[in-house]
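What follows is one structure encoded as structure tokens, with my remarks underneath.
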Amino acid sequence: MTSSSAHSRKALSKIACNRLQKELVEWQVNPPAGFKHKVTDNLQRWIIEVNGAPGTIYANETYQLQVDFPEHYPMEAPQVIFIPPAPLHPHIYSNGHICLDILYDSWSPAMTVSSICISILSMLSSATVKQRPTDNDRYVKNCQNGRSPKETRWWFHDDKV
């Protein structure tokens with residue numbers, strides 16, 4: 001979550017706390033391949049290390065995701081961003097915002113942090129070229145006042161990467 005919106009973040013509901021504790025236990029028992037949860041005492045914000053899959057253009061590269069959970073998770077999607085430096089990818093902006101439909105319009109309460117991570121790794125693994133989205137500079141400039149990616153009206157038009 002951006003610093004300007006962190007102040008307005010509401011505490012997790014009891015349902016959200018229970019769900020996240022359950023997901024955390026499941027993660028510890030069966031973590032998704034290529035990911036490592038960095039343990040903190042903050043259940044509402046997870047930092048996750050992402051390792052590029054072998055045989056892809058991101059092999060041997062490591063990035064960090066920041067996952068901020070809203071008060072009514074899982075009914076509402078978490079905010080997921082890469083902590084800069086973000087990977088060079090056609091759907092990842094230099095400020096770490098990710099254009100991936102499951103994080104916004106296609107979110108389902110049945111999804112978990114693990115399923116989000118697997119989707120992000122799949123998106124990275126399918127890329128054939130390292131480049132920023134064509135509108136990166138304009139988008140990042142528009143986000144300078146701490147705008148959340150959840151406030152963006154995304155246009156999902158490219159299923160190739």
Side-chain angles (χ1 to χ4, degrees), residues 1-53 58 62-87 89-127 133 139-140 142-156 158-159 161:
M1 189 161 283
T2 58
S3 58
S4 62
S5 57
H7 301 296
S8 62
R9 184 168 61 186
K10 293 185 177 181
L12 293 171
S13 68
K14 183 164 179 52
I15 291 170
C17 281
N18 290 342
R19 168 71 179 262
L20 284 170
Q21 288 168 340
K22 181 180 174 185
E23 285 192 44
L24 194 53
V25 167
E26 174 61 27
W27 183 293
Q28 291 165 341
V29 172
N30 186 24
F35 295 90
K36 181 180 178 189
H37 175 251
K38 294 186 150 196
V39 180
T40 68
D41 60 357
N42 186 349
L43 190 61
Q44 200 162 2
R45 172 174 285 171
W46 292 17
I47 304 298
I48 299 172
E49 190 173 276
V50 183
N51 294 304
Y58 300 100
T62 302
Y63 301 98
Q64 288 190 359
L65 287 172
Q66 177 177 299
V67 184
D68 288 299
F69 298 95
E71 176 186 12
H72 297 294
Y73 178 81
M75 299 312 292
E76 184 184 338
Q79 175 180 284
V80 183
I81 62 170
F82 277 97
I83 298 172
H89 186 280
H91 296 303
I92 301 171
Y93 291 84
S94 58
N95 62 357
H97 292 192
I98 306 165
C99 181
L100 181 63
D101 63 347
I102 65 161
L103 300 177
Y104 312 102
D105 300 349
S106 297
W107 173 255
S108 162
M111 293 180 188
T112 63
V113 178
S114 291
S115 65
I116 292 168
C117 288
I118 291 165
S119 293
I120 290 172
L121 189 60
S122 175
M123 182 183 79
L124 286 172
S125 297
S126 65
Y139 176 79
V140 171
N142 287 337
C143 291
Q144 284 180 338
N145 294 328
R147 185 165 117 194
S148 163
K150 292 176 80 174
E151 297 171 34
T152 298
R153 196 165 172 192
W154 296 100
W155 181 37
F156 305 107
D158 181 7
D159 291 334
V161 291

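Hydrogens, waters and symmetry mates are skipped; everything else that's a heavy atom, side chains included, is used.
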If you define the side chain from C-beta out and look only at heavy atoms, does anything of Cys117 sit under 4.5 Å from Trp27?
yes
Of the non-hydrogen atoms in Ile118 and Pro32, which two are nearest, and what is the gap between them?
CG1-CB, 4.2 Å
All heavy atoms of Leu20 vs all of Trp46, minimum pair found to be O-CZ2, 3.9 Å
Close side-chain approach of Tyr58 and Pro87, heavy atoms under 4.5 Å:
yes
Tightest non-hydrogen contact, residues Pro70 and Ala77, listed as CG-O, 3.5 Å
Give the minimum heavy-atom separation between Cys17 and Leu43, together with the two atoms involved.
O-CD2, 3.9 Å
To the nearest 0.5 angstrom, please state how far the CG atom of Leu12 sits from the CG atom of Asn18.
10.5 Å
Looking at Trp107 and Pro74, would you say the former's side chain and the latter's main chain have a donor-acceptor pair under 3.5 Å?
yes
Close side-chain approach of Ile116 to Val67, heavy-atom, < 4.5 Å
no
Taking side chain as C-beta onward, heavy atoms only, is Ile98 less than 4.5 Å from Leu65?
yes
Between the CD atom in Gln79 and the CD atom in Gln66, the distance rounded to the nearest 0.5 Å is 7.5 Å
Separation between CG of Asp101 and NE2 of His91, rounded to the nearest 0.5 Å
10.0 Å
Rounded distance [0.5 Å steps], CD1 in Ile48 versus CD in Gln64
10.5 Å
For the residue pair Tyr93 and Cys99, what are the closest heavy atoms and their distance?
CE1-CB, 4.4 Å
Whether His89 side chain and Met123 backbone form a donor-acceptor pair below 3.5 Å
yes
Name every donor-acceptor pair, under 3.5 Å, that has one atom in a side chain of residues 108-115 and the other anywhere in the protein, sequence neighbours excluded.
{"residue": "Ser108", "atom": "OG", "partner": "Ala110", "partner atom": "N", "Å": "3.1"}
{"residue": "Thr112", "atom": "OG1", "partner": "Ser114", "partner atom": "N", "Å": "3.4"}
{"residue": "Thr112", "atom": "OG1", "partner": "Ser115", "partner atom": "N", "Å": "3.1"}
{"residue": "Ser115", "atom": "OG", "partner": "Thr112", "partner atom": "N", "Å": "2.8"}
{"residue": "Ser115", "atom": "OG", "partner": "Thr112", "partner atom": "O", "Å": "2.9"}

Return the set of residues passing side-chain contact (heavy atoms from CB on, under 4.5 Å) with Glu49 (not counting sequence neighbours), or none when no residue passes.
Lys36, Lys38, Asn51, Thr62
Criterion side chain to side chain contact (heavy atoms under 4.5 Å, CB included) against Ser119, the qualifying member of Leu100, Val80, Leu124
Leu100
Answer whether the closest heavy-atom distance between the side chains of Thr40 and Arg45 falls below 4.5 Å.
no
With the side chain counted from C-beta on, respond yes when Ile47 and Asn42 share a heavy-atom pair under 4.5 Å apart, and no when they do not.
no
Testing the basics here: between Ser94 and Ala86, what is the closest heavy-atom pair and its distance to 0.1 Å?
O-CB, 4.5 Å
For the backbone of Phe69 and the side chain of Gln44, can you confirm whether one donor and one acceptor N or O come within less than 3.5 Å of each other?
yes
With rounding to the nearest 0.5 angstrom, report the CD1 to CE distance, Ile15 to Met75.
8.5 Å
Gap separating the CG atom of Leu121 from the OG atom of Ser126, nearest 0.5 angstrom:
10.0 Å
So, using side chain to side chain donor-acceptor pair (under 3.5 Å) as the criterion, who are the partners of Glu23 when residues are at least two apart?
Arg19, Tyr73
